[in-house]
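Inspection log for the structure reproduced underneath, given as structure tokens.
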Amino acid sequence: MLVTLKSVLGIAEAENIAIGAFNLTTLEGIRAVIEAAEELKQPVILQFANAAHKEYVSLENIAPAMLALGDKASVPVCVHLDHGADFEEVKRALDLGFTSVMYDGSALPYEINAANTRTVVDLASQYSASVEAEIGSMGAEISEDGGEADESCYTDPVIAAKFVAETGIDALACSFGTVHGIYKSAPKLDIDRIARIRKVTGVPVVMHGGSGISDEDFRKCIENGVRKINFYTYAAKYAGEYVKKKLEESSGYVFYHDVAVWGLESMKKTYIDTIKIFANLK
Ligand code: 13P
């Protein structure tokens, strides 16, 4: 069934877990996430990063599949816009039926980010949808190239508290040592910063850049207030590697539908492993 981000984060808060928010670009990815979540009986977030992934599929083409499969799932499913770039993009997602949007004004000066986020909160409330926004920066766009975290961009808890009070958002994306994509060196996370931000803002913290974080660091982040974890690159990378291996092992014809099935198999395994860590399951 379709639910808002606020609703799944309430479940996460009550159970002291984090909900996986998986970026999607294909039907196989959507099916893999939902099958994994249903098998584990866990809520899940399907998300689309239009700014980064529109070259693979348009928002208008992937949204109906995300919403239809999410709606008939046996577990709570939030359908979320990741890194919404502007009002027009946010409105497109809300008009399509997304139950949650992120507005990412983190690269803008504080006052403009706060004012724009407030406008998005007002707009989303007309659709009964939730809003995530960002203070501090992990880079405005997601990419698979990755990099290293820049401490000067880490989220300041005092500014974060002011931002949440002024905007009324449901969840806050924070910078505390993660980056999008493949890490160039092992990430060093400022866990204490998460706890301070959680305490002074009163809203759930969102981790971006979940690929490449150790199980132990995931657990520490969750214990300190992370309730939504964005994860994409490793699911795509592992599926790509699996397809490559299958192709190398194949003799004779290879049909594209075989490739789609291999992709689904690999992604489902990655999502099961990942949701188990986030939900503290054996
Ligand atoms: P990764 O691709 O690094 O897992 O990050 C995903 C993300 O944060 C999307 O916003």
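Order of appearance sets the numbers: ligands from 1, and atoms from 1 within every ligand. In this chain, residues are counted from 1 in sequence order. Atom set for the values below is all heavy atoms of this structure, side chains included, hydrogens, waters and symmetry mates excluded. No experiment lies behind these values; they were computed from the predicted model shown.
Considering both main-chain and side-chain atoms, Gly181 comes within under 3.5 Å of ligand 1 through a nitrogen or oxygen pair. Considering backbone and side-chain atoms together, Tyr234 places no N or O closer than 3.5 Å to any N or O of ligand 1. Below 3.5 Å of separation, one finds an N or O of His180 facing an N or O of ligand 1. Distances between N or O atoms of Asn23 and those of ligand 1 include no value under 3.5 Å.
Taking every heavy atom of His208 and a limit of under 4.0 angstrom, the matching atoms of ligand 1 come to 8 (O), 10 (O). With ligand atoms numbered from 1 in the order given, ligand 1 contributes 10 (O) to contacts under 4.0 Å with heavy atoms of His83. Atoms of ligand 1 found under 4.0 Å from any heavy atom of Thr233, numbered from 1 in the order shown, are 1 (P), 2 (O), 3 (O), 4 (O). For ligand 1, the atoms sitting less than 4.0 Å from at least one non-hydrogen atom of Asp82 are 9 (C), 10 (O), numbered in the order shown with element in parentheses. For ligand 1, the atoms lying closer than 4.0 Å to a non-hydrogen atom of Gly210 are 4 (O), 5 (O).
Note on Val158: it does not cluster hydrophobically with Ile169, by side-chain heavy-atom contacts below 4.5 Å among ILVMFWY residues.
Checked by atom type, the side-chain pair Glu166/Tyr110 shows a donor-acceptor distance below 3.5 Å. For the residue pair Asp95 and Tyr127, a side-chain donor N or O sits within less than 3.5 Å of a side-chain acceptor on the partner.
With sequence neighbours left out, the salt bridge (charged side-chain N to carboxylate O under 4.0 Å, His left out) criterion links Lys244 to no other residue. For Tyr242, the side-chain hydrogen bond (donor to acceptor under 3.5 Å, both in side chains) partners two or more places apart in sequence, or in a different chain, are Glu265.
For NZ of Lys6, the number of neighbouring non-hydrogen atoms (other residues, nucleotides, ligands) closer than 6.0 Å is 12 at most. The neighbour count for Glu249 CD, taken as heavy atoms of other residues, nucleotides or ligands under 6.0 Å away, is above 12.
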